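Worksheet: one structure, shown below.
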Number of protein chains: 2
Amino acid sequence: MTEFDKGPQGLRRGRGARERIIGASQQLFRDQGINRTGMDQLCAAAQVSKRTAYQHFANKDELVAEYLRRFDPDVMPGVFDRPDLTPRERLLAAFEMPETTPLCPYIAASVELHDPQHPASEYAREYKTAIAARLTQAAREAGATDPEQLGEQLALLIDGASARTRVLNRDSFPTAAAIAAVLIDNAIPAPAQR
Amino acid sequence: MTEFDKGPQGLRRGRGARERIIGASQQLFRDQGINRTGMDQLCAAAQVSKRTAYQHFANKDELVAEYLRRFDPDVMPGVFDRPDLTPRERLLAAFEMPETTPLCPYIAASVELHDPQHPASEYAREYKTAIAARLTQAAREAGATDPEQLGEQLALLIDGASARTRVLNRDSFPTAAAIAAVLIDNAIPAPAQR
DNA sequence: GATTAAGCACACCAACTTGTGTACTTAACG
DNA sequence: CGTTAAGTACACAAGTTGGTGTGCTTAATC
């Protein structure tokens with residue numbers, strides 16, 4: 001019984017070792033941080049031998065990069081894929097944080113790795129840019145006079161709430177949402193609001 | 001030649017050891033991060049023997065805590081000690097970041113140490129609270145209707161700019177300052193503005 | 001049944017970490 | 001002078017890290 005796909009060449013055995021590795025990294029990197037999570041512990045959690053892990057990922061850095069790539073800016077916190085909301089509501093939805101993410105993993109990775117050249121750091125930059133672009137687009141749809149500016153501002157608010165939540169150990173997203181509401185109302189000319 | 005550093009060969013004894021250690025930690029922790037800076041390297045940079053370092057600080061954690069304590073919320077970036085500015089200008093002055101601080105060391109420490117119980121993490125929380133309190137006070141002096149709210153909002157903007165600057169490798173404080181201007185003008189009733 | 005890819009168990013390595021122990025040297029001071 | 005506080009140099013312990021080498025086992029396909 002093949003439980004799984006039999007690709008033209010690839011045959012997945014057991015149960016997706018690669019997926020388990022990434023799954024374990026998502027949990028451990030988030031809970032303990034990247035630097036404080038050793039490959040031994042990670043492999044144990046993934047129920048994968050260390051040897052196998054290093055056959056899937058050349059080194060830890062590459063695993064970290066792949067771990068970050070798994071977060072997709074298009075599926076943020078269900079912000080841009082909700083046609084039931086008005087544009088304004090969609091912009092505000094970005095501040096309902098899924099409390100599974102105590103600190104944006106990109107900020108964490110940038111700080112922990114401490115190397116702007118690191119592939120993960122570079123992807124973090126891409127991601128942040130993508131998020132701002134999505135917000136800009138939503139701002140445009142909402143009729144903002146300067147969508148770029150509003151998008152960048154909202155992105156900054158999200159990062160601020162994320163960082164502050166981490167340091168203070170207290171949810172700062174409501175504060176950010178309050179600011180966002182002010183900015184949005186200021187940026188959208190009255191006739192377009194509803 | 002009395003009590004000052006002087007010695008036959010590079011022997012800086014007398015009274016500077018502790019200060020040199022902290023000085024080196026300020027530079028290295030900022031440039032390389034805390035976890036990536038070993039005590040060996042730090043002692044070499046401070047021109048202090050490792051033994052001496054451990055006579056001044058029980059362990060690295062304590063050094064990290066002391067390193068953070070050296071940042072004083074009262075002397076932020078010369079924000080609250082400038083009677084030449086109007087209250088409004090004083091609030092905005094908080095966003096002229098001294099570019100010597102790429103990322104607020106408290107956010108960095110919180111992320112790197114990854115332990116809310118760590119003395120440095122706890123001090124980071126105190127510091128952030130103190131900053132918000134100072135901003136709240138300035139907001140009150142500026143005549144804001146809800147100074148607490150404005151202070152908290154401005155603090156969040158600072159953190160957002162700090163985090164975002166780090167991740168994007170691009171100064172985000174102007175964006176934060178623009179938001180701050182909007183918030184301030186919205187929070188201060190017209191007659192009180194000047 | 002043979003082949004083959006994927007994985008496992010486990011020992012092992014080299015580098016690096018924080019932190020000590022020990023014996024020696026210097027400067028200040030009464 | 002002698003005492004003492006501060007510091008040095010250096011070896012070393014004990015732990016952790018990322019990463020390999022090797023031989024063996026499984027399961028699906030040929």
Side-chain angles (χ1 to χ4, degrees), chain A residues 1-25 28-29 32-67 112-115 118-120, chain B residues 1-25 28-29 32-67 112-115 118-120:
Chain A
M1 290 308 167
T2 99
E3 332 155 55
F4 268 108
D5 72 312
K6 39 151 263 43
Q9 44 189 2
L11 57 161
R12 300 280 174 269
R13 245 205 19 172
R15 180 75 179 89
R18 192 185 176 92
E19 295 308 312
R20 291 207 307 277
I21 296 169
I22 292 180
S25 72
L28 292 174
F29 288 165
Q32 310 183 339
I34 295 171
N35 289 333
R36 302 176 94 84
T37 300
M39 290 299 284
D40 277 310
Q41 183 192 6
L42 198 150
C43 292
Q47 287 181 287
V48 155
S49 80
K50 221 161 95 175
R51 209 75 194 83
T52 298
Y54 277 98
Q55 243 129 27
H56 282 284
F57 304 95
N59 47 44
K60 189 181 179 181
D61 287 338
E62 214 184 76
L63 171 59
V64 173
E66 180 62 23
Y67 149 76
E112 282 207 78
L113 303 173
H114 217 281
D115 173 16
H118 192 291
Chain B
M1 56 198 68
T2 44
E3 24 105 10
F4 208 57
D5 58 312
K6 193 66 184 170
Q9 53 264 21
L11 236 187
R12 302 207 163 51
R13 265 198 47 202
R15 286 219 13 101
R18 191 182 179 95
E19 295 307 312
R20 289 206 308 278
I21 295 169
I22 292 180
S25 73
L28 292 175
F29 289 165
Q32 309 184 338
I34 295 170
N35 289 332
R36 302 177 98 81
T37 300
M39 291 298 284
D40 277 312
Q41 183 192 8
L42 198 151
C43 292
Q47 288 181 285
V48 156
S49 80
K50 220 161 69 163
R51 208 76 193 80
T52 298
Y54 278 98
Q55 245 131 23
H56 282 282
F57 304 95
N59 47 45
K60 188 182 179 180
D61 287 339
E62 213 184 80
L63 171 59
V64 172
E66 180 63 24
Y67 149 77
E112 282 207 79
L113 303 174
H114 217 280
D115 173 16
H118 192 291

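The chains referred to below are lettered A, B, ... by the order of the sequence lines, with proteins before strands, and numbering in each begins at 1. Fair warning: this is a prediction, and the values are worked out from it, not measured in the lab.
No more than 12 heavy atoms of other residues, nucleotides or ligands sit less than 6.0 Å from atom CD of A:Q47.
Here the C1' atom of nucleotide C:dA15 and the CZ atom of B:R36 are 15 Å apart, to the nearest Å. Counting to the nearest Å, the P atom of D:dG18 and the CG atom of A:L28 are 12 Å from each other. At whole-Å resolution of the value, OH in B:Y54 and P in D:dA13 are 17 Å apart. In this structure, B:K50 atom NZ and C:dT22 atom P are separated by 16 Å, rounded to whole Å. Rounded to whole Å, atom P of D:dT17 lies 15 Å from atom CG of A:D61. Atom CD1 in A:I34 sits about 11 Å away from atom P in D:dG18, given to the nearest Å. In this structure, the CG atom of B:N59 is 17 Å from the P atom of C:dT17, given to the nearest Å. To the nearest angstrom, C1' of C:dT17 lies 14 Å from CG of B:L42.
For the OP1/OP2 pair of D:dT8 and a distance below 4.0 Å, the side-chain nitrogens and oxygens of B:T52 include at least one atom meeting the criterion. Proximity of B:H56 to the phosphate of D:dA6: no side-chain N or O atom is located under 4.0 Å from OP1 or OP2.
B:L63 places a side-chain heavy atom less than 4.5 Å from the side chain of B:M39. At a threshold of 4.5 Å between non-hydrogen side-chain atoms, the residues B:R36 and A:D115 do not count as touching.
Looking at heavy-atom distances under 4.0 Å, A:Q41 makes no contact with the nucleic acid at all. At the heavy-atom level, B:D40 lies under 4.0 Å from base atoms of the strands shown.
Looking only at distances, no side-chain donor or acceptor of B:N35 sits under 3.5 Å from a matching main-chain atom of A:E112.
Among the nucleotides D:dT22, D:dG19, C:dG19, the one closest to the side chain of A:R51 is D:dT22.
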